[in-house]
Amino acid sequence: MPLQRWFDQAAQQSESNGDGVIAGAPKAWGLIVARDKWRLAAEHMAAHGGRLLSLWASRDGNGDDIVRAAFIASPGVLVLSLPLTAAEVDYPGIEQWFPSAGRMQRAVADLSGLRITDADTRPWLRHAAWPESYHPLIHINTPPSPAVPVIDNYAFVLVEGDGVHEIPVGPIHAGIIEPGHFRFSVVGEKVLRLEERLGYVHKGIERRFSELPMLSGHRLAARVSGDSAVAFSWAYCQALEGIAAAHLPPRATWLRALALELERLANHLGDLGAIGNDAGFAFGLAQFSRLKEQLLRATQRALGQRYLMDFIVPGGTRLDLASTGTLILIESIESIMAEVDTLRTIYDEHAGLRDRFVGAGVVTPALAAKLGLTGLAGRASGQDFDLRCDLPCDPYGDLAPQKTVRSEGDVAARVAVRFDEATESARLIKRVLRHLPIGLHHVPVSIPSEGALGVGMIEGWRGPIFLALETDGSGMILRCHPHDPSWQNWPVIEHAVIDNIVPDFPLINKSFNLSYSGHDL
Amino acid sequence: MLKTLRQICRTGIVTEPPPLSDDTLRVADALQSRILEVLGRALCIRAIDAGSCNGCELEIHALNNPLYNIEGLGIRFVASPRHADLLLITGPVAKNMEVALRRTYDATPDPKLVVAIGDCGCTGGIFGESYASCGRVSNVIPVDVAVPGCPPSPHQILSGILTAISKATGD
């Protein structure tokens, strides 16, 4: 089987130079490939059910560029590295097998200056604030900003024909939402084409990481996308603890799982209300936002914060859970979930909601597989994958979460997956609280004398969070690349809205609820 | 329908009393009472994410839940800066958002108030100033009240908003 061959090669490389196994997440291997094998590997991955996790650029100790791509397939995770010499002006793109790679490659060009052979070379994260010749992950000195801030002239694809007109929306939207630009080409109310323009909240996160010591990077990781703070900070710490060969006590990993499931439940409650509201059912927003508030207050009383921004730290968790906290959380979860059951019946039986939800924003399983739709939205479109079940890190092997997969791929399916996952998270939270191992919740982590590459992978509420961390021997971060599943899912929304009416866009968009900040970095 | 009505009755009214204004959050000088007369007792807010991690947005959203019930205080989030009395701004200002933020400020009719939310809005936070970030909101537009926190709680955000629309003590 061609897929296994690449993993075998990685294992062999590991025997010859000890470099093949990558620290951090379970079952991760690294393989250095030559230019001619880069695309072949991608082709094999795509042909045998492999998924692209992320694509980014880095530099080795000699200052030579390296392009890396992480894939996940049945044997585990494979990080391919393609070293480039100074003479090479471009590298081969893999967009033809993994459409989501297109924007990642454009971001690499903006931040590291490496060009692809693929067709679309428009800038992505770079707007007009810095010149094309400046590459923030390479050049130390920041160029002066334009004296008067300007807006670039982005080359949107123009749709022409009888009665076609454009509706530009954003970057600032008519609600309490993150900024981004949407360009609709419509006939009447029907959407012919949507083109997204993102990057507005790019604030230099990757560059900022490389200015931090490795033992403080988790705070920045938690702020890549605030709604996924636990998932990102855990992924960061997983990579770091792999590099530092730190072994966590069971209580620490169980407390992290508690935090991750609380984060998932809070986000799902918020989304269920907001999706109902976007379908004109204000009752749903009032009820679910009240339940979410109850959960956040219980979290604060038990763990000290409403949102667990700084709960996960290298070596474990910042705080332990007291027995009073356990009682508060159990009581709160049980009362919230009893109401969620009632509300689910109301949502399921409400004719107006069903009318808006069913058949809106459909992504068929075949299209989802082709475009690489991932995470929660992927599971609503038949993509049977959840890191917690398929590549579990501690303690998910013991917790044995149940996966929800549906095949309709519409707003109704994404709502149903949220209900199922909220219920499952509540079950996991209670299980953690009742069986929390005794012992330490934190152990010291020492800085290793040699730098290394580590990866972290955590199933956040939106989907798989991936993070690659490279450190040097003095405890500084050389390069940290956090990757939100929104990178994979944003392009799919462009397909999901085709032939829907413009007024359904907010509903469809909310049913995905993707991160702008996590994508724009 | 019966289930919905039963749920509404069972829930009842859960709104809590609002916090007091807090003069320590003031950045600019005390407001002229004339502005307060113009704004009256109803306030329209335009929320703008100028580069936040979306953590502050979560807590601003919470102001609309029945426990804080911000609309019950006569305060409403609106869809256009042209309808707004107060801009509520989060994030370090991303350079890619600088033009949009300036234009939004210019589009807001005078007299207007600006409240910066969160550590990033107050100081640039963990992101600071860089090739991609202008840092604090007041580096780009004038700010009246700044509410620290990462993210600040809904209570603190509401207190900041109420501070902006109340007279400074001793005024």
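Just so we're on the same page: letters track the sequence lines, and every chain starts at 1. Worth knowing before you read on, the calculation uses all heavy atoms, side chains too, and leaves out hydrogens, waters and symmetry mates.
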Are the side chains of [Y] and [X] in contact, using a 4.5 Å heavy-atom criterion?
| X | Y | value |
| --- | --- | --- |
| A:L220 | B:F127 | yes |
| A:P179 | B:M97 | yes |
| B:E57 | A:I177 | no |
| A:R306 | B:P154 | yes |

Is chain B contacted by the side chain of [X], its backbone, both, or neither, given a heavy-atom distance below 4.5 Å?
| X | value |
| --- | --- |
| A:I172 | both |
| A:Y307 | side chain |
| A:S225 | both |
| A:S228 | neither |
| A:T142 | side chain |
| A:Q300 | neither |

Given A:I176, which partner from the list B:N54, B:L88, B:N64, B:D49 fulfils the side-chain contact (heavy atoms from CB on, under 4.5 Å) test? B:N64

Between [options], which shows the greatest number of heavy-atom pairs under 4.5 Å with chain A?
| options | value |
| --- | --- |
| B:G51, B:G128, B:A62, B:G55 | B:G51 |
| B:R6, B:R46, B:R10, B:E98 | B:R46 |
| B:S52, B:S153, B:A50 | B:S52 |
| B:R103, B:R102, B:K3 | B:K3 |

Within a radius of less than 6.0 Å around [atom1] of [X], do more than 12 heavy atoms belonging to other residues, nucleotides or ligands occur?
| X | atom1 | answer |
| --- | --- | --- |
| B:L5 | CG | yes |
| A:D341 | CG | yes |
| B:R82 | CZ | no |
| A:R197 | CZ | yes |
| A:E132 | CD | no |

Gap between atom [atom2] of [Y] and atom [atom1] of [X] - 0.5 Å precision:
| X | Y | atom1 | atom2 | answer |
| --- | --- | --- | --- | --- |
| A:H181 | B:N96 | NE2 | CG | 14.0 Å |
| A:R290 | B:N69 | CZ | CG | 13.0 Å |
| B:C53 | A:F232 | SG | CZ | 11.0 Å |
| B:H61 | A:L285 | NE2 | CG | 9.0 Å |

State, to 0.1 Å, how close [X] and [Y] come at their nearest heavy-atom pair, and which atoms those are.
| X | Y | value |
| --- | --- | --- |
| A:A286 | B:P66 | O-CG, 3.3 Å |
| B:P151 | A:M309 | CD-CG, 4.0 Å |
| B:I126 | A:R208 | O-NE, 2.7 Å |
| A:A174 | B:A79 | CB-CB, 3.5 Å |

Tell me which of these, [options], has more heavy-atom pairs under 4.5 Å with chain B than the rest.
| options | result |
| --- | --- |
| A:Q287, A:Q305, A:R207, A:K292 | A:Q287 |
| A:Y516, A:F283, A:Y134 | A:F283 |
| A:H173, A:H350, A:R126 | A:H173 |

So which part of [X] gets closer than 4.5 Å to some heavy atom of chain A, the side chain, the backbone, both or neither?
| X | value |
| --- | --- |
| B:I48 | side chain |
| B:C134 | neither |
| B:T4 | both |

Donor-acceptor contact below 3.5 Å, side chain B:K95 vs main chain A:A129: no

Taking the six-membered ring for Trp, are A:W130 and B:Y131 parallel (under 30°), tilted (30 to 60°) or perpendicular (over 60°)? perpendicular

List the steps and the verdict of side-chain contact (heavy atoms from CB on, under 4.5 Å) for A:R223 and B:C150. CA-CA 9 Å; A:R223 286 152 181 86; B:C150 188; 3.0 Å; yes

